[in-house]
Amino acid sequence: MFFREEYIGEFRFVEYSPYRLTHPGYAIVALPDAGLVGVIGASHMIKVLDMEEVGGADSPLLPPVTIVSKGEIRLPIRIFAKNNILLIYSEIALPPQAMYGFSRALIDYVERKGSEHLILMTGLAVPHRFEIESLRTYYIPTTKDADEAAKGSGAQRFENGFLVGPYALLLKEAVRARISTLMVATESFLEFPDPEASARNLQVIGKVIGVEIDVKELLEKAEVIRLRARDAMKSVMKNLEQMRKEYEYAPPLHI
Amino acid sequence: MSAPSWSHKGWLRPLYSIRDLGDRLEILIDLPSADEASIEVRASGRRVSISAKLRKETVFSDWSGRGGEVVFTEFREEITLPTEVVEEPVAVDVRRGVVRVIFKKAGA
């Protein structure tokens, strides 16, 4: 049963119960991308922070998918909340043609729910990930506030390069909407689920939002997560190939 | 529609990727929870077969029906390469459950 539903563009947002974020409100976005870093990290965050599923989003632009979770029918894009944190989570890869409308609708929605800052949680695919022991995390801010928030987090600023995929569009829309946004991307595999990168990413995001996120269990269960995530990863790779993700490996000609 | 990456007979298909290194092909195979001593990667012409036992039986018991009742014990996969390779790999390396195998291209 829905408490409330609202259409923004071609997206329908529903809420299962009333909620509003406390100050300072953070909206964290976790969508399938390199190594499923955001999705794996967000799933862990939901568990350790005991976040409540407060709503979801759907659209005719998305694949015809329903999620059954603990016997309840849920929408492909799921929304969790606790105190000042909103988490927008999807394991289903959003088709490229849905991403433009989704970016705009999402930012509109989270601002109205009290989000002052948007955090984009993801992996940064590196071709030599197999050889890397110590993972670096990068950040991309859209405002001075976001830049300040990232300082002291252990991440370094990403200065030059291409970004391809759902977060590339979200960043552009965030600039247009003038919402303070920080993309946090940790070096990861592109084609394999990478819980180790998710753990590192969560530690940085925890520092940015001022919440300690224990990643011990995530690291302990990393192998089981990798086993479970194989089908999701395969499906996401098809989506990323469509978006020409390999552009990210190209150095830009003009800086 | 692609086949599921698991079989009700108890085996899982691993994720893998192939990279062309000029005169060699590099295959990365994700084998989490695999018993490293049991990993076998064999090439013949353009075909590579992969097998590995899991260190312990694995059940995704919170998954209703389908694979949720299956006890998984091993990985199995057959890969078709873009070109023929020399059967003996140039290098085999395992790190954190990911296997990297490099084959020389036949005739290269």
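Numbers restart at 1 for each chain; the letters A, B, ... are given by sequence-line order, proteins then strands.
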Between atom [atom1] of [X] and atom [atom2] of [Y], what is the distance when rounded to the nearest 0.5 Å?
X: A:Glu191; Y: B:Tyr16; atom1: CD; atom2: OH; result: 12.0 Å
X: A:Phe189; Y: B:Leu28; atom1: CZ; atom2: CG; result: 6.5 Å
X: A:Leu227; Y: B:Phe60; atom1: CG; atom2: CZ; result: 5.0 Å

My understanding is that only residues two or more places apart in sequence, or in another chain, count here; which of them pass side chain to side chain contact (heavy atoms under 4.5 Å, CB included) with A:Glu212?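 So A:Glu212 forms no side chain to side chain contact (heavy atoms under 4.5 Å, CB included) with any residue.
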
Closest heavy-atom pair and its distance - B:Val98, A:Phe192: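 Nearest pair, atom of B:Val98 first, then A:Phe192: CG1-CE1, 4.0 Å.
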
For a quick test of reading the model, state the closest non-hydrogen atom pair linking A:Asp231 to B:Trp6 and the distance between them.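 What the structure gives for the nearest pair is OD2-CD1, 4.0 Å.
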
- Item | Which portion of A:Glu196 sits near chain B, non-hydrogen atoms under 4.5 angstrom |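 For A:Glu196, the contact with chain B is made by the side chain alone.
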
**OP:** Assess whether atom OH of A:Tyr249 is packed by more than 12 heavy atoms of other residues, nucleotides or ligands within 6.0 Å.
**Re:**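 Correct, the count exceeds 12.
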
Whether over 12 other heavy atoms sit under 6.0 Å from A:Gln97 CD
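Result for CD/A:Gln97: enclosed.
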
Do the side chains of B:Ser17 and A:Leu190 get nearer than 4.5 Å, heavy atoms only?
->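 No, every pair of side-chain atoms sits at 4.5 Å or beyond.
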
* Asked: Do B:Pro32 and A:Ile225 have side-chain heavy atoms sitting under 4.5 Å apart?
  ->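 No. Closest side-chain heavy atoms not under 4.5 Å.
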
Between A:Arg230 (side chain) and B:Leu12 (backbone), is there a donor-acceptor pair under 3.5 Å?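 Judged by distance alone, no pair lies under 3.5 Å.
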
- Any donor-acceptor pair under 3.5 Å from A:Glu223 side chain to B:Ser33 backbone: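 Yes; at least one donor-acceptor contact below 3.5 Å.
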
Hey, are [X] and [Y] close enough for a salt bridge, meaning a charged N less than 4.0 Å from a carboxylate O?
X: A:Glu131; Y: B:Arg95; result: no
X: B:Arg96; Y: A:Glu133; result: yes
X: A:Arg228; Y: B:Asp62; result: yes

- Who are the side chain to side chain donor-acceptor pair (under 3.5 Å) partners of B:Lys105, not counting sequence neighbours?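 Here the qualifying residues are B:Asp20.
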
Please classify the contact of B:Thr58 with chain A as side chain, backbone, both or neither, using a heavy-atom distance under 4.5 Å.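 The side chain, not the backbone.
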
